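Report on one structure; see the data block that follows.
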Amino acid sequence: MDAKMEYMKWQRNRFLSDEEMAYLKSIKEDEEKIEELFGSDIEFGTAGMRGILGIGTSRMNNYQIARAIQAFSNDLIRKAGGRVGKGIAIAFDTRKTSEKFSDTAVRVLLGNGIGAAVFTAPKSVTQLSFAIRYLDLEGGIMITASHNPKEYNGIKLYNSRGAQILPEDMKSVIREFRNIQNFSQIHPYVGYLRLNSIHQKIGLSNDYKYQNAVLKTSVCDDIDKDTVIVYSALHGTGFSCVPGVLKERGFKKVNLVKEQMEPDGDFPTIDIPNPEDGKTLDMAINLAKEKSAEIVLATDPDCDRAGAAVRGRDGEYKILTGNQTGALLLDYIVRFKKDMPENPLMVQTVVTGGLGKDIAEKAGIAVRETLTGFKYIGEIMNECEEKGDMNFIFGYEESCGFVAGTHVRDKDGAGACMLIAEMAACYKKNGYSVYDRLEELYNEFGYADDSNKDISFPGTEGKEEMAAMMDRVRNTGIETMAGESVKVTDFLNDETGLPKENLIKFEFEDGSFAAVRPSDTESKLKLYFYVKGENSDKAAERKQKIEAELSAAAGLEMQD
């Protein structure tokens, strides 16, 4: 990409504000900055698009949102053979530019003759997914950068079933996106009528219907409703749904982390709004200590991920991994669900730990594994609905994504928070705790260390580094790790029965595994581990050896 030429083209970019245009002109002599901002194009991946906010082709901005929605519109119109009969739902999170980007999405849809149904306040991913199904719409757009830092924003695209668009369908959207190289190829609404008078507003009835659908996923009512709960929205959209769900479920002692309930795209009280990150829960855990809470809950900005911490026997709080929470929830469903359907099915990803799988298989519940990304779990939910041969009961992934029931086709932060709280209240009523139950599961199925590792590689050079590391791992010819033989599966080149993905997995005879892949949505190399041992210390020791060998094979020892 010719950075200088792109920079000159942007002098006529009608999607820039006066302030942005002034900044653009201020860097006309700064060749290094022009190269940084215009030397590459932002990537539209199979999981949507995220990027650092700013001016230029390599950044996330109003033009890139308009371009993406035009690409989505072109694809919808082509597939419909002309007019798109149903509208598109649009929701946005609490980030600073999200509402503005939502308005841009509305304008581009309307400019292409596609109806828009719009939330007028920040809402969660699952409220969007539910609305698509409830209102019988053609698809959806979520303006969010999920759990990324405040410098980011982006979009997720949804199909008519309320699931994120699958890679095969996304390919045509990506082609359209890359073909849009001129501002004249984007067609926003420019009519005389006020924008808010010509689109449908999604109101409170959707919120109530969604809340009722979540409440129907309840497992057991023999619970202690005086269980003390702490919840934080981490400045995100969880404020719009989680407290209401917990209240309607009957919990009387829900303590909100007030400083983090206020929607704020700067996320002023945390470094990163990701409930997987232990430090992110510090403020909630401090309040939990003050209130002697049994359970701590938090959701990310678009409220699809749910993090949890539980009180141990020593009074200290243990932050649960996504693997642990998912296995505990499945175990809770298996033990206490009274209306278990025939042919129940649990779904997890290929990098999700094996404890849930062990629990399911012992209970006679079928298990399917799929690629990383909840869009694949949503597709299996759709298959179950169509074929009627299996009944989906629960799906989860290691990155704190969970869904019970079939009311949505994405991970459901509010639903997960309700079930985690209910599980804690059920166990309290029966004289023990979530922590106690986790220990029982480890005693039965074996201890496991599932602490994963993410390594950042920003920029174009970072992507090249990650590609080189994946090549090194592929070509090293690994047959053993920590002195044990492993089965190696290359999901990009081997036949797995799943779509191709740049993922390599190393499996041990006892069900332990290690895996490595570059993220679809972040400039990160992700290392996954699920390593068993006689006890927690032995599991950690074995995992450390496996991680060292995998890191060496990738060349990561040079990065530490």
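Computation of the quantities below employed the complete heavy-atom set of this structure, encompassing side-chain atoms and omitting hydrogens, waters and symmetry-equivalent molecules. Treat the numbers as computed from the prediction; the structure is a model and nothing was measured. Along the sequence shown, residues are numbered consecutively beginning with 1.
Side-chain atoms of S58 come within 3.5 Å of backbone N or O of L37 as a donor-acceptor pair. In this structure, R14 contributes its side chain and F183 its backbone to a donor-acceptor pair below 3.5 Å. In this structure, S73 contributes its side chain and L109 its backbone to no donor-acceptor pair below 3.5 Å. A donor-acceptor pair under 3.5 Å is formed between the side chain of S124 and the backbone N or O of Q127. When atom types are taken as modelled, the side chain of N61 and the backbone of G54 share a donor-acceptor pair closer than 3.5 angstrom. Using a distance-only test at 3.5 Å, with no hydrogens or angles considered, no donor-acceptor pair links the side chain of T489 to the main chain of F491. In this structure a side-chain-to-backbone donor-acceptor pair under 3.5 Å is present from T476 to R472. Under a 3.5 Å cut-off, the side chain of E138 and the backbone N or O of G115 do not form any donor-acceptor pair. Distance alone, capped at 3.5 Å, places no donor-acceptor pair between the D490 side chain and the D494 backbone. The backbone N or O of G236 sits nowhere less than 3.5 Å from a side-chain atom of D300 that would complete a donor-acceptor pair.
The shortest non-hydrogen separation linking A145 to N153 is CB-CA, 3.4 Å. Of all heavy-atom pairs between Y7 and L24, the closest is OH-O, 2.6 Å. Of all the heavy atoms in G154 and M60, the pair that sits closest is CA-CE, 3.9 Å. Nearest heavy atoms, F119 versus A131: CZ-CB, 3.9 Å. Taking all atoms of both residues into account, the shortest heavy-atom contact from E379 to L166 is OE1-CD1, 3.4 Å. In this structure, F457 and I455 approach most closely via the heavy-atom pair CD1-O, 3.3 Å.
Atom CE of M469 sits about 11.0 Å away from atom CG of L550, to the nearest 0.5 Å. Separating the CG atom in L157 from the CE atom in M49 is a distance of 8.5 Å, to the nearest 0.5 Å. Once rounded to the nearest 0.5 Å, the distance linking OG1 of T325 with OH of Y396 reads 9.5 Å. To the nearest 0.5 Å, the span separating CE on M21 from OG on S26 amounts to 12.0 Å. Atom CG of N148 and atom NZ of K150 lie 14.0 Å apart (nearest 0.5 Å). With values rounded to the nearest 0.5 angstrom, N286 atom CG is found 10.5 Å from L281 atom CG.
A heavy-atom distance below 4.5 Å is not found between the side chains of P122 and S98. Y528 is not listed as a side-chain neighbour of K505, based on a closest heavy-atom distance of 4.5 Å or more. Considering only heavy atoms from C-beta on, N74 stays 4.5 Å or farther from N179 through its side chain. Looking only at side-chain heavy atoms (C-beta outward), K123 and N206 stay at 4.5 Å or farther from each other. A 4.5 Å side-chain heavy-atom check between M283 and S232 finds every atom pair outside the cut-off. In this structure, the side chains of I27 and I55 stay at 4.5 Å or more apart for every pair of heavy atoms. Annotation: side chain of L498 is in contact with side chain of V350 (closest heavy-atom distance under 4.5 Å). With contacts defined as side-chain heavy-atom distances shorter than 4.5 Å, the pair Q164/M142 does not qualify.
Ring planes of F177 and F44: perpendicular class, angle over 60° (limits at 30 and 60°). Taking the six-membered ring where tryptophan is involved, the planes of H235 and F267 are tilted, since the angle between them lies from 30° to 60°. Using cut-offs of 30° and 60° on the angle between ring planes, the pair H407 and F130 is tilted.
Judged by distance alone, the side chains of Q70 and R67 never bring a donor and an acceptor atom under 3.5 Å apart. Residues T352 and T349 have side chains that bring a donor and an acceptor to within less than 3.5 angstrom of each other. Judged by distance alone, the side chains of T299 and Y231 do bring a donor and an acceptor atom under 3.5 Å apart. Side-chain atoms of Y158 and S129 form no donor-acceptor pair, as typed in the model, at a separation below 3.5 Å. Under 3.5 Å, the side chains of D277 and N274 contain no donor-acceptor pair of N or O atoms. A side-chain donor-acceptor contact under 3.5 Å links T104 and N62.
Using a 4.0 Å cut-off between charged nitrogen and carboxylate oxygen, D75 and K79 count as a salt-bridge pair. At a threshold of 4.0 Å, the pair R95-D93 counts as salt-bridged, since one of the basic side-chain nitrogens sits closer than that to a carboxylate oxygen. Using a cut-off of 4.0 Å between Lys/Arg side-chain N and Asp/Glu carboxylate O, E36 and R59 are scored as salt-bridged. The pair K156-D410 fails the salt-bridge criterion, with no side-chain N (NZ, NE, NH1 or NH2) lying under 4.0 Å from an Asp/Glu carboxylate O. The pair R178-D41 does not count as a salt bridge, with every side-chain nitrogen at least 4.0 angstrom from each carboxylate oxygen. Using a 4.0 Å cut-off between a side-chain N of Lys or Arg and a carboxylate O of Asp or Glu, K500 and E495 qualify as a salt bridge. Salt bridge absent: D169 and K375 never bring a charged side-chain N and a carboxylate O closer than 4.0 Å.
In the displayed structure, D266 atom CG is contacted under 6.0 Å by more than 12 heavy atoms of other residues, nucleotides or ligands. Annotation: K279, atom NZ; neighbour count of heavy atoms from other residues, nucleotides and ligands within 6.0 Å does not exceed 12. Annotation for D271: atom CG does not count as buried by contact number, only 12 or fewer foreign heavy atoms lying within 6.0 Å. Other residues, nucleotides and ligands contribute at most 12 non-hydrogen atoms within 6.0 Å of the CD atom of E31. Atom CD of E549 sits in a crowded spot, with more than 12 heavy atoms from other residues, nucleotides or ligands closer than 6.0 Å.
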Evaluate the criterion side chain to side chain contact (heavy atoms under 4.5 Å, CB included) for residue pair V84 and N112; output intermediate values, then yes/no.
CA-CA 9 Å; V84 178; N112 284 273; over 6 Å; no
Go through it in stages, so that I can follow the logic: the residues are I504 and I478, the test is side chain to side chain contact (heavy atoms under 4.5 Å, CB included), and I'd like the CA-CA distance, side-chain angles, deciding distance and then a yes or no.
CA-CA 11 Å; I504 305 170; I478 297 172; over 6 Å; no
Candidate pair I270 and L234, rule side chain to side chain contact (heavy atoms under 4.5 Å, CB included), full reasoning
CA-CA 8 Å; I270 44 182; L234 301 181; 4.0 Å; yes
Taking it one step at a time, do R474 and N502 satisfy side-chain hydrogen bond (donor to acceptor under 3.5 Å, both in side chains)?
CA-CA 10 Å; R474 268 192 185 90; N502 194 8; 2.6 Å; yes
Could you walk me through whether I155 and F101 pass the side chain to side chain contact (heavy atoms under 4.5 Å, CB included) test, one step at a time?
CA-CA 9 Å; I155 60 170; F101 289 170; over 6 Å; no
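In this structure, Y134 has its ring center no closer than 6.0 Å to that of Y210.
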